[in-house]
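See below for the structure under consideration.
The basis for the numbers below is simple: all heavy atoms, side chains too, and nothing from hydrogens, waters or symmetry mates.
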Amino acid sequence: MSKRAYNFNAGPAALPLTVLERAQAEFVDFRESGMSIMEMSHRGAIYESVHNEAQERLLSLLGNPQGYKVLFIQGGASTQFAMIPMNFVSEGQVGSYVMTGSWAEKAFKEAKLVGGAHAAASSEDKKFLAIPELSSIKAADNAAYLHITSNETIEGTQYAEYPDSGSIPLIADMSSDILSRSFDVNQFGLIYAGAQKNLGPSGVTVVIVKEELIAKSPSNIPTILRYDTHLKNNSLYNTPPSFSVYMVNEVLKWIEEQGGLAGIEAKNRDKAALLYNHIDGSGGFYRGVAEAGSRSIMNVTFRMQSEELEKQFVKAAEQEGFVGLKGHRSVGGLRASIYNAVPHESIKALSDFMKHFQQTQG
Ligand SMILES: Cc1ncc(COP(=O)(O)O)c(C=O)c1O
């Protein structure tokens, strides 16, 4: 096999090598069925057992919160941006959104189209480089929910703690940091995440939701976009993305092997500290973008003295096998996405490369 890349892609992103190898081993003949999992009916016993196992495993990793269900939906987190207001905002209500960056803005825009949207707080005045103070977050009186983006993938910011939304359901887009650290699911009414960063390949979006919130969706929205359709049919109303769900189950097994969320969190904090310490200790050659208290342990954004130098950095890094270090086209700069599956060795190698690059420029 050719050498694996040092993969810092923002999503789709690195997957654990052991998961890829397991999938490869059972790719053609799944559980002695004589078929790949992609070739069998989603109504059959084998697929259903994988599907149910993935849901149970996810809830178990989250401490088996009472009254919560796991749904597998297609259309990415972007479809959740629309489904959430469609299902929850009734006449005279709004969705309240904490505006933390590019993804929060996208979610907010969809709510505006569908029902009504209100900004519960914003860090736009800080160019979205910090998470607003929790005490400044105020949901509207007529809010159907309070929506947060737990980790802004593009700007590289992350909530250190979550706001208390009182009796208003708290909804979180956790696409870029789900299962990266321990947290209390009971604080949330609904959590959603596209799988392609911390959970598996693209193609499936995981929704963890308090069952009572979605027992009955408004009857005037299309069947496939109603949460109660997916709930009543155990996410098998239509053909699910079976291979993606299978991969999610394998990634969840791998997270268990890492010591669950506590084990993964310790590793993630170590990895992020290594990189941020390197940036902070570079005498200004590299500069962290996000404010210190809001730095993400998943997406490390940083800059150099000039765009020209950044270009040279990316080019030189690519030649050494580092992938995905260019910042998002909307903000520029550099970004290392260090999701769960990015091994410590990759970050060590990046840090060594950064040191070497600085020496050659200095
Ligand atoms: C925080 C966040 N929300 C939403 C999305 C959009 O996800 P999708 O492409 O699955 O619709 C992304 C994708 O990068 C993201 O990082």
Side-chain angles (χ1 to χ4, degrees), residues 8 10 98-105 119-137 148-164 172-184 187 197-198 261-262 264-307 309-310 313 324-328 330-340 342 344 346-348 350-355 357-358:
F8 295 97
V98 183
M99 309 304 287
T100 41
S102 311
W103 290 113
E105 281 190 322
S122 173
S123 54
E124 195 173 4
D125 58 336
K126 293 189 166 178
K127 299 200 171 106
F128 293 133
L129 298 180
I131 299 291
E133 290 289 329
L134 295 192
S135 58
S136 73
I137 299 174
I148 64 167
T149 309
S150 58
N151 184 81
E152 285 284 1
T153 323
I154 293 175
E155 289 81 3
T157 60
Q158 186 178 32
Y159 283 79
E161 280 176 55
Y162 298 122
D164 177 358
D173 175 0
M174 289 199 187
S175 292
S176 48
D177 69 348
I178 191 160
L179 302 194
S180 64
R181 55 182 176 176
S182 302
F183 71 100
D184 182 9
Q187 282 179 273
K197 300 167 200 298
N198 261 346
L261 296 197
I264 277 282
E265 175 167 358
K267 291 187 169 94
N268 284 334
R269 292 205 182 278
D270 266 5
K271 290 182 328 193
L274 176 59
L275 201 45
Y276 282 121
N277 287 343
H278 189 88
I279 290 168
D280 294 342
S282 70
F285 189 78
Y286 302 104
R287 279 177 294 113
V289 168
E291 280 189 14
S294 299
R295 282 175 162 184
S296 167
I297 60 166
M298 296 279 98
N299 307 100
V300 176
T301 46
F302 57 104
R303 301 224 58 151
M304 299 174 73
Q305 283 98 330
S306 71
E307 283 184 25
L309 200 53
E310 289 169 351
F313 176 87
L325 290 170
K326 200 161 175 265
H328 190 270
S330 62
V331 295
L334 301 159
R335 170 177 59 174
S337 295
I338 53 171
Y339 300 122
N340 288 351
V342 176
H344 194 274
S346 290
I347 290 141
K348 175 75 177 61
L350 175 60
S351 159
D352 290 346
F353 170 78
M354 288 167 74
K355 194 169 165 190
F357 186 80
Q358 183 172 357

Pairing residues for Glu105 by the salt bridge (charged side-chain N to carboxylate O under 4.0 Å, His left out) criterion, not counting sequence neighbours: none

State, to 0.1 Å, how close Asn198 and Ser180 come at their nearest heavy-atom pair, and which atoms those are. ND2-CB, 3.8 Å

Heavy atoms of Ser122 and Phe128 approach each other most closely as OG-CE2, 4.0 Å

What closest approach, in Å, do Ala120 and Val98 show between heavy atoms, and which atom pair accounts for it? CB-CG2, 4.3 Å

Does the side chain of Tyr162 come within less than 4.5 Å of Asp184's, by heavy atoms? no

Under the salt bridge (charged side-chain N to carboxylate O under 4.0 Å, His left out) test, residues paired with Asp177 that sit two or more places apart: Arg181

Non-hydrogen atoms of Ala262 and Ser182 that approach each other most closely: N-OG, 3.8 Å

As an exercise, state the distance from CG of Leu334 to CZ of Phe313, rounded to the nearest 0.5 Å. 6.0 Å

Gln305 CD: over 12 foreign heavy atoms closer than 6.0 Å: yes

Return the minimal non-hydrogen interatomic distance between Met99 and Ala119, and the atom names on each side. CG-CB, 3.9 Å

Can a donor-acceptor pair be found, under 3.5 Å and without considering hydrogens, that links the side chain of Asn151 to the backbone of Met298? no

Are any non-hydrogen side-chain atoms of Leu179 and Leu261 less than 4.5 angstrom apart? yes

Reported OG1-to-CG distance for the pair Thr153 and Asp173, which is rounded to 0.5 angstrom: 7.5 Å

Kindly indicate whether the side chain of Asn268, heavy atoms from C-beta on, has any atom under 4.5 Å from the side chain of Ile338. no

Evaluate side-chain contact (heavy atoms from CB on, under 4.5 Å) for Thr100 paired with Ile148, printing each intermediate quantity in order. CA-CA 8 Å; Thr100 41; Ile148 64 167; over 6 Å; no

Starting at CG of Leu134, measure out to OH of Tyr159 and round the result to the nearest 0.5 Å. 7.5 Å

Can you name the residues that form a salt bridge (charged side-chain N to carboxylate O under 4.0 Å, His left out) with Lys348, not counting sequence neighbours? Asp352

Would you mind writing out the side-chain donor-acceptor pairs for residues 273-288 within the sub-3.5 Å range, not counting sequence neighbours?
unit_1, atom_1, unit_2, atom_2, d
Tyr276, OH, Ser296, N, 3.4
Tyr276, OH, Ser296, O, 2.6
Asn277, ND2, Ala273, O, 3.1
His278, ND1, Ser351, OG, 3.3
Asp280, OD1, Arg295, NH2, 2.9
Asp280, OD2, Arg295, NH1, 3.0
Ser282, OG, Ile279, O, 2.8
Ser282, OG, Phe285, N, 3.4
Ser282, OG, Tyr286, N, 2.9
Ser282, OG, Tyr286, O, 3.2
Tyr286, OH, Met354, O, 2.7
Arg287, NH2, Met304, O, 3.1

Applying side-chain contact (heavy atoms from CB on, under 4.5 Å) to Ser337 and not counting sequence neighbours gives Ala10, Asn299, Arg335, Tyr339

Could you pull out all residues at least two apart from Ala130 that satisfy side-chain contact (heavy atoms from CB on, under 4.5 Å)? Lys126, Glu291, Ser294

Calculate, to the nearest 0.5 Å, the distance between atoms CD1 and CZ belonging to Ile264 and Arg269 respectively. 12.5 Å

Could you go step by step and tell me if Phe8 and Val300 meet the side-chain contact (heavy atoms from CB on, under 4.5 Å) rule? CA-CA 10 Å; Phe8 295 97; Val300 176; over 6 Å; no

Could you measure the distance from the CD1 atom of Ile347 to the CG atom of Asp270? Nearest 0.5 Å is fine. 9.5 Å

Whether the Glu152 and Ser102 side chains hold a donor-acceptor pair (N or O, under 3.5 Å, no angle test) is what I'd like checked. no

Is there a side-chain contact (heavy atoms from CB on, under 4.5 Å) between Arg303 and Glu310? Walk through the geometry before answering. CA-CA 7 Å; Arg303 301 224 58 151; Glu310 289 169 351; 2.8 Å; yes

Between Gly293 and Ala160, which heavy-atom pair has the shortest distance, and what is it? O-CB, 4.4 Å

Verify, without hydrogens or angle tests, whether Thr157 (side chain) and Ile131 (backbone) share a donor-acceptor contact under 3.5 angstrom. no

